[in-house]
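Comments concern the structure below.
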Amino acid sequence: MREVFLSNCEKNFVQKTIAEGYRLDGRNYNECRKLNIAFGSEYGSCIVSIGETKVLSQVSCEVVQPKQIRPNEGLLNINVEISPMAAPQFEANRQTDLTVYLNRLLEKCYKDSKCIDLESLCIVVEEKVWSLRVDLKILNHDGNLIECSSIATLASIAHFKRPDVTRSGESIVIHTLADMDPIPTVLYHYPVCVNFAIFKNNILISDPSYIEETVCTSTSEDGTNTGGLLVVGMNQYKEMCLLDLTGAAIYNSNIVHRAIQSAAERCKMVVDLVKKDIMTDDNLRQKRTKINFADIITTDHAQSLCAKDLCIRLKNFTINDIEMEEETDVSKSIDTDDNTALSKYDVPSLPQTVELKAKKGASTWIDISSESDED
């Protein structure tokens with residue numbers, strides 16, 4: 001993996017912006033990006049996107065011998081792959097620290113929490129069991145890979161259905177989907193890993209973007225690290241399944257309590273969305289509706305980390321606000337002979353940008369709101 005470095009100007013800009021109560025994409029501290037789940041034509045295939053972060057998940061199964069210490073339980077394996085498709089700094093066919101970290105977190109969240117009924121995967125005790133394999137492919141990396149991969153794993157496992165098996169004497173027959181209806185995977189609970197970014201002054205941010213994750217885990221100019229990433233694994237019953245911290249130590253317990261409360265609400269919303277999308281997908285399959293990824297894959301979409309310009313929006317606004325600004329009198333604003341003539345002029349901005357206000361040669365950020373228009 002090629003190292004990607006941020007300049008001190010970028011770090012200071014992001015830290016100062018967040019300290020003042022803003023984020024680069026205009027969200028609040030507890031606001032998350034749009035979550036979208038799309039299922040493929042096969043059972044256990046889905047694409048989960050959080051903003052520009054996209055993860056493809058596919059569940060497959062095969063008949064293997066069980067472990068000697070657990071002869072009546074099936075197996076579950078999770079494999080994460082990050083290729084140069086996700087971001088230019090990754091290399092093909094080579095594991096990185098991020099890949100190993102994601103694998104360990106997902107295995108702790110889904111294998112150690114006993115959310116899957118592995119005994120239901122047993123065919124013949126000590127002889128044959130089902131082995132489920134979850135393959136995760138990172139399509140685009142724009143931050144919060146942990147939460148996106150966790151939702152993709154959960155959605156694909158809950159959506160997966162294995163073939164039915166009948167035993168006649170010593171012979172075992174695995175039926176196709178046309179012969180017998182497949183059997184869904186039994187889940188005791190639905191755990192989800194929720195990711196938070198911690199900045200200075202105990203600022204907790206939900207669903208961090210790539211640059212926010214990089215800044216909070218990087219070292220400052222004096223060589224210290226005051227931030228980090230906090231991962232909270234929780235199910236829909238508000239039971240904690242995982243707690244992991246990367247970066248500086250936490251000296252204030254209120255941060256953990258706030259993260260747990262926010263993770264409980266986020267997990268319930270995600271689980272309800274996953275169940276709703278699975279029911280919708282089942283209804284479409286019963287109606288023989290064609291289901292594939294063709295509707296969500298676009299050819300003109302550039303990867304987020306390959307973009308040359310960084311889109312900054314410090315506050316959300318609508319097109320009506322822009323139209324109102326265009327109708328205002330421009331005669332009060334421009335005087336080419338005076339450098340200070342722009343002191344009362346608000347530069348109209350395009351969508352996903354930021355407005356600037358010049359005051360005697362210095363530019364400062366202002367809020368885009370109806371109050372500034374009235375002034």
- Message: Let's go through Arg33 and Asp25 carefully: what are the C-alpha distance in whole Å and the side-chain angles of both, what is the deciding distance for salt bridge (Lys or Arg N to Asp or Glu O under 4.0 Å) to 0.1 Å, and is it a yes or a no?
- Response: CA-CA 10 Å; Arg33 291 171 291 183; Asp25 49 6; 5.4 Å; no
Starting from [Y], can I reach [X] by hopping between I/L/V/M/F/W/Y residues whose side chains sit under 4.5 Å apart?
{"X": "Val129", "Y": "Ile78", "result": "no"}
{"X": "Val64", "Y": "Leu118", "result": "no"}
{"X": "Leu187", "Y": "Met269", "result": "yes"}
{"X": "Val231", "Y": "Leu106", "result": "yes"}
{"X": "Trp130", "Y": "Val173", "result": "no"}

Search all heavy atoms of [X] against all heavy atoms of [Y] and return the closest pair with its distance.
{"X": "Lys54", "Y": "Ser49", "value": "CG-CB, 3.7 Å"}
{"X": "Cys216", "Y": "Leu229", "value": "SG-CD2, 3.6 Å"}
{"X": "Leu145", "Y": "Asn140", "value": "CD2-O, 4.4 Å"}
{"X": "Cys46", "Y": "Ala155", "value": "SG-CB, 4.0 Å"}
{"X": "His175", "Y": "Asp179", "value": "CB-CB, 4.1 Å"}
{"X": "Arg162", "Y": "Cys61", "value": "CB-SG, 4.3 Å"}

- Query: Does the ring of Tyr22 carry Lys16 above it, NZ/CZ under 6.0 angstrom from centre and within 45° of its axis?
  - Reply: no
- Message: Can you confirm whether Lys276 is buried at NZ, in the sense that more than 12 heavy atoms of other residues, nucleotides or ligands lie under 6.0 Å from that atom?
- Response: no
- Message: Check this for me: Lys111, atom NZ, are more than 12 non-hydrogen atoms of other residues, nucleotides or ligands nearer than 6.0 Å?
- Response: yes
Between the main-chain N or O of [Y] and the side-chain N or O of [X], is there a donor-acceptor pair closer than 3.5 Å?
{"X": "Arg23", "Y": "Asn28", "value": "yes"}
{"X": "Ser262", "Y": "Arg258", "value": "no"}
{"X": "Thr289", "Y": "Arg285", "value": "no"}
{"X": "Asn144", "Y": "Asp207", "value": "no"}
{"X": "Glu212", "Y": "Ser209", "value": "yes"}
{"X": "Asn283", "Y": "Met279", "value": "yes"}

Pairs touching [range] that satisfy ring-ring contact (aromatic ring centres under 6.0 Å, His included), sequence neighbours left out:
{"range": "residues 258-286", "result": "none"}
{"range": "residues 230-250", "result": "none"}
{"range": "residues 256-284", "result": "none"}

- Item | Leu242/Val232 under side chain to side chain contact (heavy atoms under 4.5 Å, CB included): CA gap, chis, key distance, verdict | CA-CA 6 Å; Leu242 173 69; Val232 180; over 6 Å; no
- Task: Step by step, work out the side chain to side chain contact (heavy atoms under 4.5 Å, CB included) result for Gln65 and Glu127.
- Result: CA-CA 5 Å; Gln65 289 184 351; Glu127 292 184 10; over 6 Å; no
Between [atom1] of [X] and [atom2] of [Y], what distance do you get to the nearest 0.5 Å?
{"X": "Leu56", "Y": "Asp135", "atom1": "CG", "atom2": "CG", "value": "9.0 Å"}
{"X": "Leu102", "Y": "Ile146", "atom1": "CG", "atom2": "CD1", "value": "6.0 Å"}
{"X": "Ile151", "Y": "Leu154", "atom1": "CD1", "atom2": "CG", "value": "8.0 Å"}
{"X": "Met234", "Y": "Ser113", "atom1": "CE", "atom2": "OG", "value": "12.5 Å"}
{"X": "Thr246", "Y": "Ile198", "atom1": "OG1", "atom2": "CD1", "value": "10.0 Å"}

- Item | Derivation of the side-chain hydrogen bond (donor to acceptor under 3.5 Å, both in side chains) call for Tyr101 and Asp244 | CA-CA 11 Å; Tyr101 177 67; Asp244 183 83; 2.6 Å; yes
Distance only, no hydrogens: is a donor on one side chain within 3.5 Å (strictly under) of an acceptor on the other, for [X] and [Y]?
{"X": "Asp277", "Y": "Thr280", "answer": "no"}
{"X": "Thr53", "Y": "His141", "answer": "no"}
{"X": "Gln58", "Y": "Ser45", "answer": "yes"}
{"X": "Ser150", "Y": "Tyr110", "answer": "yes"}
{"X": "Tyr43", "Y": "Ser156", "answer": "no"}

So do [Y] and [X] actually touch side chain to side chain, heavy atoms under 4.5 Å?
{"X": "Pro208", "Y": "Asn195", "answer": "yes"}
{"X": "Leu24", "Y": "Phe13", "answer": "yes"}
{"X": "Asn77", "Y": "Val134", "answer": "no"}
{"X": "Tyr190", "Y": "Asn235", "answer": "no"}
{"X": "Gln95", "Y": "Val100", "answer": "yes"}
{"X": "Phe199", "Y": "Val215", "answer": "yes"}
{"X": "Val192", "Y": "Arg266", "answer": "no"}
{"X": "Lys137", "Y": "Val55", "answer": "no"}

- Message: Please evaluate residues Glu73 and Lys67 with respect to the criterion salt bridge (Lys or Arg N to Asp or Glu O under 4.0 Å), reporting the C-alpha separation (whole Å), side-chain torsions for both, the decisive distance (0.1 Å), and the verdict.
- Response: CA-CA 8 Å; Glu73 291 185 359; Lys67 294 182 179 180; over 6 Å; no
- Item | Check ion pair Lys114-Asp112 (N to O, under 4.0 angstrom) | no
- Worked verdict on Gln236 versus Asp272 for side-chain hydrogen bond (donor to acceptor under 3.5 Å, both in side chains): CA-CA 9 Å; Gln236 73 273 28; Asp272 293 341; over 6 Å; no
- Task: Please assess Arg104 against Glu107 for the test salt bridge (Lys or Arg N to Asp or Glu O under 4.0 Å), listing each intermediate value before the final yes or no.
- Result: CA-CA 5 Å; Arg104 290 179 178 177; Glu107 287 180 355; over 6 Å; no
- Hey, mind stepping through Phe196 and Ile205 against side chain to side chain contact (heavy atoms under 4.5 Å, CB included) and telling me if it holds? CA-CA 6 Å; Phe196 299 93; Ile205 290 180; over 6 Å; no
- How far apart are the C-alpha atoms of Phe90 and Leu98, what are their side-chain angles, what is the distance that settles it, and do they pass the side chain to side chain contact (heavy atoms under 4.5 Å, CB included) test? CA-CA 10 Å; Phe90 297 104; Leu98 180 60; 3.9 Å; yes
- Message: Using the side chain to side chain contact (heavy atoms under 4.5 Å, CB included) definition, which of the options Leu121, Ile116, Asp117 pairs with Val186?
- Response: Asp117
